[in-house]
Amino acid sequence: MNKNTYGDQSISSLKGADRVRLRPGVIFGSDGIEGCEHSVFEILSNSIDEAKEGYGGVIRVTLHKDHSITVEDFGRGIPLDYNKKEQRYNWDLIFCELYAGGKYNNNEGSNYEFSLGLNGLGVCATQYTSEFMNVEVRKDGYIYKLHFEGGHNIGGLNKKKAKDSMTGSKITWRPDPKVFTDINISSEYFHNILKQQAIVNAGIRFIFTDEMENKVLDYLYPDGIEGYVKEVANGQNFSKIISIRKTTQGRDSANKPEYKLKFHIVMTFSNKVNLLEYYHNSSFLKNGGSPDRAIKNALSSTIDQYVTKANMYTKGEKRISFSDIQDSLILVTNSFSTLTSYENQTKKAISNKFIQDAIQECLKEYLDVYFIENKDEADKICTQILINKRSKEKAEKTRINVRKQLNVTIDIANRIKKFVDCRSKDKNKRELYIVEGDSALGSCKLGRNAEFQGIMPIRGKILNCLKSDFNKIFKSEIIVDLLKVLGCGIEIEGKHNKQLNTFNLAKLRWNKVIICTDADVDGFQSATRS
């Protein structure tokens with residue numbers, strides 16, 4: 001029998017486009033729709049970096065009907081001509097060479113100060129994973145054109161004299177279905193990503209042409225994240241909008257280089273909506289990282305300190321947690337640094353220690369002063385946070401008690417007072433009669449079919465559940481007994497009571513539920529509250 005041997009000739013390396021086409025997840029995070037979407041963001045990032053440096057204030061994005069995408073900017077134009085230092089054409093370096101780009105020396109004041117693109121991977125990797133890519137660049141009085149198919153250049157660089165002095169870059173490509181399992185990027189993705197980029201890049205206009213839905217949308221936030229927070233709050237905030245800006249510099253450790261950091265924090269408090277978002281160098285930090293830790297530490301310690309000093313805790317009460325604060329918090333951070341440590345190429349979290357320390361210290365110092373100078377507002381904020389905390393604790397206690405009360409089997413050893421069951425265990429046949437009082441119980445017992453008809457007597461006036469809190473409701477023996485008999489749990493909505501929701505219609509123990517009452521006030525109470 002032949003066996004495969006594992007020796008010196010078993011080792012091989014991927015070359016050219018295969019380095020990405022066969023392993024797209026390494027660069028884009030997955031070979032599915034999320035990876036395909038991230039390839040779009042890689043192209044978009046370069047246009048954003050140009051606009052942030054002040055070259056072109058408009059970026060046009062088009063989703064075509066064949067699922068191809070066009071990103072066009074009006075910046076300086078991608079350098080594509082011959083590079084004497086590298087002894088290669090720049091188009092070959094940028095579109096066909098991983099780890100080649102113009103953003104490696106940002107911290108030394110090179111081409112870009114605060115760059116979203118860093119690694120020199122995105123453009124090349126997207127080209128490699130495209131079914132086709134067309135590049136048109138206007139620069140230095142010339143028009144440059146390139147065409148790629150399946151990761152390979154076709155026809156070299158086409159260069160001709162332009163008739164005008166316009167500059168910019170336009171890239172059209174179609175993600176390759178041989179590389180990605182799904183290339184049908186939704187219109188919603190473009191709406192979300194372009195809105196996010198407009199929010200964190202104040203003053204840059206993003207125009208989205210959606211050929212799928214035959215729409216043209218315009219995204220522009222002149223006031224950046226401050227305008228966004230006002231939009232989210234929509235006048236429903238009970239505190240002022242706090243805006244904190246700072247520019248500083250530092251290093252992550254003694255043996256690391258110093259770098260520049262600037263950040264903007266905008267926050268307010270609301271009982272109706274909450275939001276927590278972090279952006280760094282224009283990238284949405286879905287998993288947070290350094291800014292997330294900084295915000296949570298600063299807010300938790302500052303608010304806990306204020307509540308303690310103001311004697312707002314009851315004796316022996318647990319301290320607030322960040323989740324109590326977050327229930328009423330609308331906060332967005334937007335930071336930029338000349339050096340950034342992302343967790344990977346998808347840029348969903350950063351790990352810079354200096355960024356965490358700087359944001360945390362700044363926010364803590366600002367709130368310490370703000371709370372002293374705005375005592376009424378500080379009291380209002382802290383009171384609401386304590387209400388959030390106590391509501392959740394109360395809801396959790398109620399949830400545990402309700403689960404204990406309702407998760408029981410009704411049998412001979414655990415009978416419900418005055419409930420008369422039927423003999424059948426077949427849910428499709430069983431009928432429950434909810435009757436008013438003991439007198440009706442006696443009459444119905446005589447007239448029922450004991451095989452499939454059960455009876456549950458209740459009082460006319462039980463409890464006005466619309467005006468009672470859940471703790472009081474679930475202390476009512478009649479209500480809890482009725483819930484046990486029905487068996488399908490309870491349906492509850494509310495920010496702090498989600499865990500109380502145990503409703504499952506499939507667990508209803510009866511095929512029919514019939515309410516029998518007298519035509520008087522007590523009967524009306526029974527009918528409406530059952």
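- The closest side-chain heavy-atom distance from Ile330 to Val273 is below 4.5 Å.
- Between the side chains of Asp176 and Ser130, no donor-acceptor pair is found at a separation under 3.5 Å.
- Other residues, nucleotides and ligands place more than 12 heavy atoms under 6.0 Å from the CZ atom of Arg293.
- Scanning both residues, Leu275 and Glu277, for their nearest heavy atoms gives CD1-OE2, 3.4 Å.
- Checking His38 against Glu42 by side-chain atom types alone, a donor-acceptor pair falls below 3.5 Å.
- Between the side chain of Asn237 and the main chain of Ser239, a donor-acceptor pair closer than 3.5 Å is present.
- Side-chain contact check for Lys262 and Thr248: no donor-acceptor pair (N or O, by modelled atom type) lies under 3.5 Å.
- Using modelled atom types, no side-chain atom of Tyr278 and backbone atom of Val332 make a donor-acceptor pair closer than 3.5 Å.
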Apply side chain to side chain donor-acceptor pair (under 3.5 Å) to the pair Tyr279 and Asn334, showing each step before the final yes or no. CA-CA 5 Å; Tyr279 298 86; Asn334 190 21; over 6 Å; no

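- Of the possible polar contacts, none joining the Gln326 side chain to the Ser323 backbone as a donor-acceptor pair under 3.5 Å is found.
- Within the 4.5 Å cutoff, the side chain of Glu72 has no heavy atoms near those of the Ile59 side chain.
- In this structure, Arg76 satisfies the cation-pi test against Tyr55, with its NZ or CZ atom closer than 6.0 Å to the six-membered ring centre and inside 45 degrees of the ring normal.
- At least one donor-acceptor pair under 3.5 Å links the side chain of Ser30 to the backbone N or O of Gly35.
- Contact between Ser351 and Ser290 at its shortest, heavy atoms only, is C-OG, 3.1 Å.
- Aromatic ring pairs are classed by plane angle as parallel below 30°, tilted from 30° to 60° and perpendicular above 60°; the pair Tyr228 and Tyr221 is perpendicular.
- The side-chain tip of Lys159 does not point at the ring of Tyr144 from less than 6.0 angstrom away and within 45° of straight on.
- A side-chain donor from one of Gln384 and Asn271 sits under 3.5 Å from a side-chain acceptor of the other.
- Closest approach of Val58 and Phe74 over heavy atoms only: O-CD1, 3.3 Å.
- Salt-bridge check for Glu317 with Lys389: passed, with a basic side-chain N closer than 4.0 Å to an acidic carboxylate O.
- Atom CD of Glu136 is surrounded by more than 12 heavy atoms from other residues, nucleotides or ligands within 6.0 Å.
- The distance from atom CD of Gln196 to atom CG of Asn201, rounded to the nearest 0.5 Å, is 11.0 Å.
- Here CZ of Phe148 is found 13.5 Å from CH2 of Trp173. Values are rounded to the nearest 0.5 Å.
- Put simply, the side chain of Thr308 reaches to within 4.5 Å of the side chain of Arg319, judged on heavy atoms.
- Taking the side chain as every heavy atom from C-beta outward, Phe190 and Asp210 never approach each other to under 4.5 Å.
- Counting heavy atoms from C-beta outward, Asn83 and Arg88 have side chains that stay 4.5 Å or more apart.
- A donor-acceptor contact closer than 3.5 angstrom is absent between the side chains of Ser283 and Asn281.
- Using a 3.5 Å distance cut-off with no hydrogens or angles, the side chains of His264 and Thr333 do not pair a donor with an acceptor.
- Applying the 6.0 Å contact sphere to CZ of Arg245 captures no more than 12 heavy atoms from other residues, nucleotides or ligands.
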Can you check ring-ring contact (aromatic ring centres under 6.0 Å, His included) on Tyr259 and Phe354, steps first, answer last? CA-CA 9 Å; Tyr259 58 91; Phe354 171 65; 5.6 Å; yes

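- Using modelled atom types, no side-chain atom of Thr62 and backbone atom of His64 make a donor-acceptor pair closer than 3.5 Å.
- Listed here is the closest heavy atom pair of Ser300 and Ile320: O-CD1, 4.2 Å.
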For Thr70 and Thr172, what are the C-alpha separation, side-chain angles and deciding distance, and is it a side chain to side chain donor-acceptor pair (under 3.5 Å)? CA-CA 4 Å; Thr70 296; Thr172 300; 2.7 Å; yes

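- Minimum heavy-atom separation, Phe322 to Leu299: CE1-CD1, 3.8 Å.
- There is a side-chain donor-acceptor pair under 3.5 Å between Asp73 and Ser47.
- For the pair Asn352 (side chain) and Ile355 (backbone), a donor-acceptor distance under 3.5 Å is absent.
- At distances below 3.5 Å, at least one donor-acceptor pair connects side-chain atoms of Thr167 with backbone N or O atoms of Gly75.
- In this structure, a donor-acceptor pair under 3.5 Å is absent between the side chains of Asp324 and Asn388.
- A donor-acceptor distance shorter than 3.5 angstrom exists from the side chain of Thr302 to the backbone of Ala298, with no hydrogens or angles considered.
- You'll find the side chain of Ile33 stays beyond 4.5 Å of the side chain of Phe180, heavy atoms only.
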Test log, rule side-chain contact (heavy atoms from CB on, under 4.5 Å), inputs Leu63 and Ser187: CA-CA 8 Å; Leu63 174 61; Ser187 299; 4.0 Å; yes

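- Considering only heavy atoms from C-beta on, His147 comes within 4.5 Å of Phe132 through its side chain.
- Across all non-hydrogen atoms, the minimal contact from Leu329 to Leu276 is CD2-CD1, 4.2 Å.
- Within 6.0 Å of atom NZ in Lys318, 12 or fewer heavy atoms from other residues, nucleotides or ligands are found, so the atom counts as exposed in its surroundings.
- Phe208 has its ring centre less than 6.0 Å from the ring centre of His191.
- Between Lys230 and Asp223, none of the side-chain N atoms (NZ, or NE/NH1/NH2) sits under 4.0 Å from a carboxylate O, so this pair counts as no salt bridge.
- Of the charged side-chain nitrogens involved, none lies within less than 4.0 Å of a carboxylate oxygen, so that Asp376 and Lys380 do not count as a salt-bridged pair.
- In this structure, Ile143 CD1 and Lys170 NZ are separated by 11.0 Å, a value rounded to the nearest 0.5 Å.
- The aromatic rings of Phe238 and Phe269 are tilted relative to each other, their planes meeting at an angle between 30° and 60°.
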Which pairs would a plain distance check flag for residues 363-374, meaning a side-chain donor or acceptor within less than 3.5 Å of a matching protein atom at least two apart in sequence or in another chain?
from, atom 1, to, atom 2, distance (Å)
Tyr370, OH, Glu377, OE2, 2.8
Asn374, OD1, Lys240, NZ, 3.3
Asn374, ND2, Tyr370, O, 3.0

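- A donor-acceptor contact shorter than 3.5 Å is absent between the side chain of Gln127 and the backbone of Cys96.
- Counting only N and O atoms by type, the side chains of Asn184 and His67 include a donor and acceptor under 3.5 Å apart.
- Taking a 6.0 Å sphere around CZ of Arg205, one finds it holds 12 or fewer heavy atoms contributed by other residues, nucleotides or ligands.
- Pro222 has its side chain within reach of Leu220: a pair of non-hydrogen atoms, C-beta onward, lies under 4.5 Å apart.
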Which is it for Asp31 and Thr181 under the side chain to side chain donor-acceptor pair (under 3.5 Å) test, yes or no, and what are the steps along the way? CA-CA 6 Å; Asp31 64 353; Thr181 58; 4.5 Å; no

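- Among residues two or more places apart in sequence or in another chain, the side-chain contact (heavy atoms from CB on, under 4.5 Å) test is passed with Asp140 by none.
- For Lys160 and Tyr142, the positive end is not near the middle of the six-membered ring at less than 6.0 Å and at most 45° from its axis.
- Environment of OH in Tyr89: sparse, with no more than 12 heavy atoms of neighbouring residues, nucleotides or ligands closer than 6.0 Å.
- To the nearest 0.5 angstrom, Leu194 atom CG is 6.5 Å from Phe206 atom CZ.
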